[in-house]
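This report refers to the structure that appears directly beneath it.
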There are 2 protein chains.
Amino acid sequence: MARMARRPTLHDVASHAGVSIKTVSRVVNHEASVSEEVRTRVAASIAELHYVPNSFARSLKSGGGDTIGVVMDSIADPFFAELMSAVEARALDAGMTVIFGSTGSDPERERQQVERMAMQRVRALILAPVTGDHSYLERFRATLPIVMVDRQVEIGGYDIVAVDDRGLTRQAVDHLTERGHRRIAFVGNDVHFPTTAHRLLGYRDALAAVDVEPDPSWFPEGSGDEDEAFDVVTRLLAAPEPPTAVFAANPRAAMGAVHALHVAGRTDVAMISFGDFPMATTLTPAITCVNQDPHGIGVAATERVIAHLDAREHDRPDEHPLEIIVDTELVARGSGELEPA
Amino acid sequence: MARMARRPTLHDVASHAGVSIKTVSRVVNHEASVSEEVRTRVAASIAELHYVPNSFARSLKSGGGDTIGVVMDSIADPFFAELMSAVEARALDAGMTVIFGSTGSDPERERQQVERMAMQRVRALILAPVTGDHSYLERFRATLPIVMVDRQVEIGGYDIVAVDDRGLTRQAVDHLTERGHRRIAFVGNDVHFPTTAHRLLGYRDALAAVDVEPDPSWFPEGSGDEDEAFDVVTRLLAAPEPPTAVFAANPRAAMGAVHALHVAGRTDVAMISFGDFPMATTLTPAITCVNQDPHGIGVAATERVIAHLDAREHDRPDEHPLEIIVDTELVARGSGELEPA
DNA sequence: GGACTTTCTGACAACGTTGTCACCACCTGC
DNA sequence: GCAGGTGGTGACAACGTTGTCAGAAAGTCC
């Protein structure tokens, strides 16, 4: 291959075709009022020179692109991958494109990613916030609609699309206590996310309702990832009074926990996961879960973004911040219906 | 919330601070030779006005951004999600950012996405090509390094990072025939991707080596997705002479196939998956697979891209197209070691 | 034949930024 | 006193595109 060449511009095409740049611009944008003869001549030059419009120049001129920014923990997390996929599909319908950035659950990197998106002049931002100070967002607020997903942020006043963490967890753990479970572990007690704290509250609510004071060893703090959940469950199973049921606070933790149960041959231990995961239905027993509906959250968040942009477009006053709770339900599949030995 | 305001520019900051735009630009870019007094005054104005640099203008001026484009089937596919994640991490190290676009396995949409990336002036492109005519890529070739991942394209001369589809499949199916299997199904026979055709060849190679002529009903053509694989396996198990082993040509098909085996209570049927998937080790039996190493492919592709850009940077002649075969291995976990009944 | 439209085309400014150059004020050394 | 720095600052052009306006050429109407 030869050295990479400079990209041709409207000027290059114009002089090649013997017309003005404006005429080339008209042809590129399929504007009327270009004679057929000129149009074909210009089209030929475009093809010959491999001209491709420069969207930086376009966006600069038109004062912004048609892009929605999405910032979240990691694209490799199935929950976010599906959420992202839903956002992309819905945005595409609306003629917009999507860029994403991952935070790796690091507040500093979250800030960098948001900053980058602001520089890229995204029209709106969808953000799954990491725990930490979000006052930096205030700077962007006036010019950039921001919709939180999955998690609240300590400062109010932002749109948020999420599920009812506390209530759903309460419901899930009730599901276990109703079947007689009293020693119930809470794995995936991740300190990075406010969500986890809400889920932990729901867990406490449910236990309090049956007069159980949970032992601190049942919900050790940690990173909330797969390996940690595996270790936690393995350790708990070896304890003198092991839990008879496990609640996993997120799908990654659930996968680790389930693996631990299978490795230990203790599939008699009841199990409910907050958030579905691949193969959950195939396992024996199939895993009961709170379906967190990433697709639904993604779609709702994108709708919300579009509402904001529409309001702005038509010079209507901006939408008030809204708290959208996506409906989800407990999917009983077997593992959550096991009774204590 | 009030109506969205116009974004402040260097001009706004400059007049607010009573200096020239150039001085503001210097402060923003941390250039030396600005007096401490002016620097703090400008910084205050920047903070007060919530100034954020416009990267369109920057990129326009500097003639291109620092972005790598990635185009692939779907970000919701775990294989691509992990590949993407690896690319993003490696690119971030190199000070570049990543944008992605999904094709939905549609050749037309692939073209649109590539076109969009070219307009966005990505520095390089990583593409998982869909089956179809790729002559349109020629236009971009001269100005844009393109690295294919996972799949070849019918036209040669592009860099490609992939695994040895035919050889690995041969090896996997050999693994089954060595244990006495003769009736082996090939599910996920997807017509969209050239990869599948190569894997099918490896399958035929292995069977031919033990003098078996595969029955066409063992490898029905289809979409290659999870539901279809489920149906295919369910149907095959009900046949008068059902297969004693199943080879799944991709992870999605594997998940469907495994589910079908579990639902039918036929976990005695041997199974090997091309590509790992979540929970594969947790299932009973654990699923033997060819580890397709999306992370390794992503890293290798990004390295390749960086090599191209480096060459260009230093005015060296461009790298020759390379075919990089990422090493992978068969991971025996149990399901692939089952013997026929 | 003149006034008027209609159809096509081009010159030019602007979008927000940075690179180049020039300038001013102040210093240093003779 | 003057030549020659040097540190701080600003004017201006340019990046590639599109919007605005103006003008040329040709047709239409009285």
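To find a chain, count down the sequence lines: A is the first, B the second, and so on, and within it residues start at 1.
As rounded to whole Å, 10 Å separates atom C1' of D:dG16 from atom CG of A:Asp12. A straight line from CZ of B:Arg7 to C1' of C:dG16 spans 13 Å, rounded to a whole angstrom. The separation between B:Arg6 atom CZ and C:dG16 atom C1' is 10 Å, rounded to whole Å. Between the CE atom of B:Met119 and the P atom of D:dG16 there is a distance of 17 Å, rounded to whole Å. For B:Phe56 and D:dT18, the CZ to P distance is 14 Å, given to the nearest whole Å. Taking atom CD of residue B:Glu31 and atom P of nucleotide C:dT20, one finds them 11 Å apart after rounding to whole Å. Rounding to whole angstrom units, CZ of residue B:Arg58 and C1' of D:dT17 are separated by 20 Å.
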Self-check item: From CA spacing to verdict: salt bridge (charged side-chain N to carboxylate O under 4.0 Å, His left out), A:Glu115, A:Arg139
Solution: CA-CA 10 Å; A:Glu115 207 114 5; A:Arg139 292 170 47 203; 3.1 Å; yes

Quiz prompt | Trace of the salt bridge (charged side-chain N to carboxylate O under 4.0 Å, His left out) decision for B:Asp73 with B:Arg151 | solution = CA-CA 12 Å; B:Asp73 304 355; B:Arg151 306 196 272 259; 2.5 Å; yes

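Note: B:Phe100 and A:Phe100 have perpendicular aromatic rings, judged against thresholds of 30 and 60 degrees for the angle between ring planes.
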Practice problem: Produce a footprint string for nucleotides 4-15 of chain D: one letter per nucleotide, 5' end first; B if the base is under 4.0 Å from any protein heavy atom, S if only the sugar-phosphate is, - if neither. | Solution: ----SBBB--BB

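Although no hydrogens or angles enter the test, the distance criterion places a donor-acceptor pair under 3.5 Å between the side chain of B:Ser59 and the main chain of B:Ser55. Judged by distance alone, with hydrogens and angles left aside, the side-chain atoms of A:Thr302 form a donor-acceptor pair with the main-chain N or O of A:Gly298 at under 3.5 Å.
Applying the salt bridge (Lys or Arg N to Asp or Glu O under 4.0 Å) test to pairs two or more places apart or on separate chains, those with a residue in residues 129-138 of chain B are B:Glu138-B:Arg141.
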